[in-house]
Number of protein chains: 2
Amino acid sequence: MSDQKLEAIAKALSKARSVAILPHLNVDGDALGASLALALALNSSHCQAHVLIEEDVPATLDFLPGQDLIKRSPEGRYQVAINIDNGDINRLGERLAVYQNAEIRLSVDHHATNKMEADVSYVDTGAAATGEIIHRLLTDYMGAPITKDIALCLYTAIITDTGGFRFSNTTPETMVIAGELMKTGIDFTNANKKVFDRISHAKLFLMKQTMNSLKLLFDGKLAVACLRWDDLSSFNAKIEDSEGLVNIGRNLEGVEVSLFLREEKPGLFKGSLRSNEYVDVAQIAEKFGGGGHKRAAGFSAEGDLDDIVKSLADAIKASLTGDA
Amino acid sequence: MSDQKLEAIAKALSKARSVAILPHLNVDGDALGASLALALALNSSHCQAHVLIEEDVPATLDFLPGQDLIKRSPEGRYQVAINIDNGDINRLGERLAVYQNAEIRLSVDHHATNKMEADVSYVDTGAAATGEIIHRLLTDYMGAPITKDIALCLYTAIITDTGGFRFSNTTPETMVIAGELMKTGIDFTNANKKVFDRISHAKLFLMKQTMNSLKLLFDGKLAVACLRWDDLSSFNAKIEDSEGLVNIGRNLEGVEVSLFLREEKPGLFKGSLRSNEYVDVAQIAEKFGGGGHKRAAGFSAEGDLDDIVKSLADAIKASLTGDA
């Protein structure tokens, strides 16, 4: 039973002298927030715990407390290693050896696709964030006090993976936990601002280009926007800078389908499709060798932009009018 | 004591045969959500309750249930009239007579500036939304079941006034109430999408113009953007379409002060100032005959745009460098 697993994890952590906490590569707010919360709790009691990451802390998370417990090293020998918010061994990157060389390997995650091997692996797919599980572990199984610093880490973990309590993975329990964390007096307004509002210079440029390129077809039901290779390369943009740009078209009033094309290399496009109410964009993406869900899908395409847009628009038109 | 007032309001509503529910002019999600929730509860028991408004239901709120209980009429005779989310008698508009002609006048609000006259007036400035107070009234004082429809109205009221649980008025109690409402199975994801994500065509155009006009000064610490009269008039934009555009500059990495100018009439500008960490923009706005708070202020200015920007930039420069 799951609760026995959490108990076993709590027991192993409580006895440990040194713990390596290993969030997935390219840490996000849930992976890093959950990891730092655990590190802060462990260090305040008895043991030396470090969070090992291989990249810089993202600027959106620079306010998280406990960053002195982060080691930017893929090496070290720890008695216990705990994998956090990660279902795929490849996402341990160069830290795999740290995990494998530990006497005890633990894993806590909420991804349905989790395939991690561990001495004890706890996966709760009902948890909106791994931060929720760490909150439960600390309060119900380890009796660790939730300090203001720990609360800020866990709150950030939760808002990251729920889109600020907006995604459908959010549960009444999520709200109750967040309320408990807020009682410690954390500056949750600042956390939300940092995680959700910050715009990088590259992102602003790409938003502008996306909006300037946006065209409406079929009585405004299809929005088409693109970012060309020159746009992306000229500003040294990262993948995260163009994330979510497909939603500009999707959120525009009257739009049912949003098509967003990003030229990854000259002549090579990555396409994103979103729909609002009734068009099955997975079906459309499949026609172009891609796939996904009814309301969110993707594909790749090579060639001339105008030709690609024309083929897609033709396929989408059929779905909009029901002639599919 | 406040609780006695809520009890008196509950008692008056429980006995009423007809109730006019009066949210403030230009209804937002809190005023309309709280009003519809109350109307749904009252109609399901014993009395005829209508929500009286003078404008169209905003497109962002078209998903709210209970809209058949809305009357677009400033007239009618009701036994009880209840003022909702409104501290200013002028914001009853042409419905003032309905309020004044009722046998019993009630008022429920959360604004600190509330000055409404009523037989019983309940103001809780600690409530993040009037929807929270209506939730308490229905559950603790009237024993009214919170149906899924009522829950959706109250949830929408709460997210509107808390910016989706992000503003500093959000309390642990807010989170608990929202969690309770979610338990009824409401489509909270759709509510958030409607309230926060929808972009009107005019708004997209103004966002684009704002981004295209945005300039950075003083090593990127000051962002200046403007919307010209031609932009605003050509697209038949409403005030709400340019709301929040000052935040594009404010959210840009490295920016401390964002200045946004909107040309309301040819040569007449409304200026918005926002800061992030340390500049007191109220002081700057005051120099130009305006005012506000440390991190959010405004002013009006007449003349040539370049001259206005230059004067403001000079004043802001002093604050950025500490030479004020």
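Residue numbers start from 1 in every chain, and the chains themselves are labelled A, B, ... in the order their sequence lines are given, proteins ahead of strands.
Taking all atoms of both residues into account, the shortest heavy-atom contact from Glu253(B) to His201(A) is OE2-N, 2.8 Å.
Glu55(B) CD: more than 12 foreign heavy atoms inside a 6.0 Å radius. Open room surrounds NZ on Lys221(A); 12 or fewer heavy atoms of other groups in view lie less than 6.0 Å from it.
Ranked by non-hydrogen atom pairs under 4.5 Å with chain A, the options Asn276(B), Ile159(B), Asn190(B) are led by Asn276(B). Of the listed residues Asn192(A), Leu214(A), Thr210(A), Val255(A), the one with more heavy-atom pairs under 4.5 angstrom with chain B than any other is Asn192(A).
Using a 4.5 Å cut-off between heavy atoms, Leu216(A) touches chain B through its side chain atoms alone. For Lys193(B), the part sitting under 4.5 Å from any heavy atom of chain A is the side chain, from C-beta outward, and nothing else. Contacts of Phe205(B) with chain A are absent, with no heavy-atom separation under 4.5 Å from either backbone or side chain.
Taking non-hydrogen atoms and a 4.5 Å limit, the residue list of residues 165-180 of chain B in contact with chain A, ordered by number, reads Phe165(B), Arg166(B), Phe167(B), Ser168(B), Thr170(B), Thr171(B), Pro172(B), Met175(B), Ala178(B), Gly179(B). Among the residues in residues 241-251 of chain B, those with a non-hydrogen atom closer than 4.5 angstrom to a non-hydrogen atom of chain A are Ile248(B), Asn251(B). Taking non-hydrogen atoms and a 4.5 Å limit, the residue list of residues 124-134 of chain A in contact with chain B is empty.
Applying the salt bridge (Lys or Arg N to Asp or Glu O under 4.0 Å) rule to Asp187(B) yields no partners; only residues at least two apart in sequence or on another chain are considered.
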